[in-house]
Amino acid sequence: MVLEAIRYKPYSLQILNQLKLPHQIEYDDITGSEDGWNAIRDMRTRGAPAIAIVAALSLAVELHVGKSSDNAPEDVSAYIVEKLDYLVTSRPTAVNLADAARKLKKIVESAAKVDGNDGTAVVKAYCDAAAQMLISDVSDNKAIGKYGAEWIEKLAPGEQVGVLTHCNTGSLATAGYGTALGVIRSLHANGSLKRAFCTETRPYNQGSRLTAFELVHDKIPATLITDSMASALLQLKGPSDRIVAIVVGADRVAANGDTANKIGTYQLAITAKHHGVKFLVAAPRTTIDLQTKTDADIIIEERPSTEMKRMKGPRFDGEVLEVNQVEVVSIAAEGIDVWNPAFDVTPAELIDGIITELGVVEKGEKGAFDLTFAMEAHNESVKPSSIGGLYAA
Ligand SMILES: CSC[C@H]1O[C@H](OP(=O)(O)O)[C@H](O)[C@@H]1O
């Protein structure tokens, strides 16, 4: 079974409900932008690239039903712009969603101005571009995997290496293969991976529920640790558990390289620096936001306290896991206040390299990243795919 966070075929969109993983594989139908917004906000679908794609495709499904040649092209364009602005409010930190919305707006506003284009043509231009995002993301991730693996392999030529990752950045956070987990997949495919280590990633447990699920699914040798074990792991220097690099994803990389990622990333970068372990960020160029100058400009989403104070999962009847008997249990003192930021920001000074689909960027002689090459990815319109005509509304 291929792990698919997103299932899209003409006019229908399904998302793998990641709140049910790893014990239940359940797909939810997404019938329009409101469904898409709720699925992203609830984190039934999550991951910086995936939320951008689900948002865009949820509107494509809605448009097929509603907008047609009966509507003036400029009215269809205005409707799409309004819906994209709404979808962007579902989660604020990851830049991919806002970047995709900006590009898709440009496409429909241009299509609406083409002589002879009716509302249907504008809908088709939108749907083709949204569908192309699925295809482009997988190819970007495989390139990230390739370049990241090559960079890490140079740290220990001819040896198999131990790598630690945080949160989930695999097929469940993207259209497929993954970013940081894509690097681990590529290391494994190259025969260069001794063992992957993944953190639980409290409180949503992307690591224990999603990354562990992907690593077991792909039969990649892997060990789960709690978030609090990371520094102790980096102290180990034995051949079977020495960590040569930590590789994580990103939700937004600022122009100077400061990187917003899942909460807990910053302290991994600190302990990596202390232990002389390389710290790498893996992300497509679209995650690099040159409009965000430094960490001070990054909005950090705060999530409900219940996500920290309660745990949900199937119960055991003796040694038997009753998969359909899901219980919610309290794991914190009632009445305690909670601080639950979903992300933190790692300063560029703690990052050794940023792995993109064009290669690994390292800091220059002045100790700063030059990320201006990412500008092109933000200017590229998402070209209608070769599957044109699929979305004639
Ligand atoms: C492929 S990068 C995914 C990125 O998104 C995750 O956040 P969330 O699970 O809250 O959507 C995490 O920060 C990952 O690094």
Side-chain angles (χ1 to χ4, degrees), residues 3 5-6 15-19 21 39-55 90-100 133-134 136-138 140-145 148 164-185 198-214 227 246-253 259-269 279-289 298-304 307-308 340-346 351 354-357:
L3 286 177
I6 305 163
I15 55 142
L16 180 55
N17 183 343
Q18 300 192 25
L19 292 174
L21 289 176
I40 293 165
R41 173 56 68 87
D42 299 345
M43 293 183 71
R44 282 180 283 135
T45 192
R46 31 67 48 200
I51 63 180
I53 294 167
V54 167
S90 54
R91 291 187 75 192
T93 304
V95 69
N96 309 57
L97 175 48
D99 179 68
M133 291 170 67
L134 269 175
S136 303
D137 189 50
V138 175
D140 286 351
N141 294 339
K142 290 187 173 173
I144 287 168
L164 171 65
T165 193
H166 185 58
C167 195
N168 174 256
T169 59
S171 297
L172 297 175
T174 66
Y177 202 73
T179 56
L181 199 52
V183 172
I184 288 173
R185 284 192 161 102
C198 60
T199 58
E200 272 184 325
T201 316
R202 287 274 298 138
Y204 183 96
N205 296 326
Q206 287 95 334
S208 56
R209 294 190 305 108
L210 307 179
T211 297
F213 179 73
E214 290 200 45
D227 302 324
I246 296 177
V247 58
V248 299
D251 292 84
R252 188 184 296 252
V253 180
T259 294
N261 195 52
K262 186 49 49 199
I263 187 73
T265 302
Y266 175 39
Q267 63 189 23
L268 289 176
F279 188 85
L280 297 165
V281 170
R285 286 176 297 158
T286 48
T287 303
I288 299 171
D289 178 16
I298 298 176
I299 298 169
I300 299 296
E301 175 191 9
E302 292 211 20
R303 302 270 321 163
E307 291 185 358
M308 188 190 294
N340 186 17
F343 304 98
D344 58 25
V345 181
T346 300
I351 299 171
I354 298 174
I355 310 164
T356 77
E357 68 276 27

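In each ligand, atom 1 is the first atom listed, and ligand 1 is the first ligand listed. Throughout, numbering of the chain's residues begins at 1 and tracks the sequence.
- Scanning the protein heavy atoms around atom 13 (O) of ligand 1, the nearest turns out to be D251 OD1, 2.4 Å.
- What sits closest to atom 2 (S) of ligand 1 on the protein, heavy atoms only, is A250 O, 3.7 Å.
- Between Q206 and ligand 1, at least one pair of N/O atoms sits closer than 3.5 Å.
- Atoms of ligand 1 found under 4.0 Å from any heavy atom of R91, numbered from 1 in the order shown, are 8 (P), 10 (O), 11 (O).
- Side-chain N/O atoms of R46 and N168 include a donor and acceptor closer than 3.5 Å.
- Residue C167 approaches ligand 1 through these ligand atoms, each under 4.0 Å from one of its heavy atoms: 6 (C), 12 (C), 14 (C).
- Distance alone, capped at 3.5 Å, places no donor-acceptor pair between the D344 side chain and the I263 backbone.
- Every heavy atom of L181 sits 4.0 Å or more from the atoms of ligand 1.
- Between L134 and I6 there is a side-chain heavy-atom pair separated by less than 4.5 Å.
- In this structure, Y204 has no heavy atom closer than 4.0 Å to ligand 1.
- The N/O atoms of R46, backbone and side chain alike, include one that comes under 3.5 Å of an N/O atom in ligand 1.
- Contact analysis leaves A94 out of contact with ligand 1, as no non-hydrogen atom separation drops below 4.0 angstrom.
- Between the side chain of T211 and the main chain of C167, a donor-acceptor pair closer than 3.5 Å is present.
- By the 4.0 Å heavy-atom criterion, E301 is excluded from the residues contacting ligand 1.
- For ligand 1, the atoms closer than 4.0 angstrom to any heavy atom of N168 are 3 (C), 14 (C).
- The shortest N/O to N/O separation between T179 and ligand 1 does not fall below 3.5 Å.
- Counting only distance, with no hydrogens or angles, the side chain of R185 and the backbone of Y177 share a donor-acceptor pair below 3.5 Å.
- The residues D227 and R202 are annotated as not salt-bridged, no charged nitrogen and carboxylate oxygen being separated by less than 4.0 angstrom.
- A donor-acceptor pair is defined here as one N or O able to donate and one able to accept, closer than 3.5 Å; no such pair exists between the side chain of Q18 and the backbone of L210.
- Between F343 and ligand 1, a contact under 3.5 Å exists for no N or O pair.
- At a heavy-atom cutoff of 4.0 Å, ligand 1 is contacted by no atom of T265, backbone or side chain.
- Between E302 and N340 there is no side-chain heavy-atom pair separated by less than 4.5 Å.
- What sits closest to atom 15 (O) of ligand 1 on the protein, heavy atoms only, is N261 OD1, 2.5 Å.
- Remark: minimum distance from atom 3 (C) of ligand 1 to any protein heavy atom is reached at A48 N, 3.6 Å.
- Not a single heavy atom of A342 sits less than 4.0 Å from an atom of ligand 1.
- Formation of a donor-acceptor pair under 3.5 Å by the D137 side chain with backbone atoms of M133 is not found in this model.
- Under the 3.5 Å distance criterion, the side-chain polar atoms of R91 are left unmatched by any main-chain donor or acceptor of A48.
- Under a cut-off of 6.0 angstrom, the local environment of CD in E301 is crowded, with over 12 non-hydrogen atoms contributed by other residues, nucleotides or ligands.
- Residue contacts with ligand 1: H166 is excluded, as none of its non-hydrogen atoms falls under 4.0 Å.
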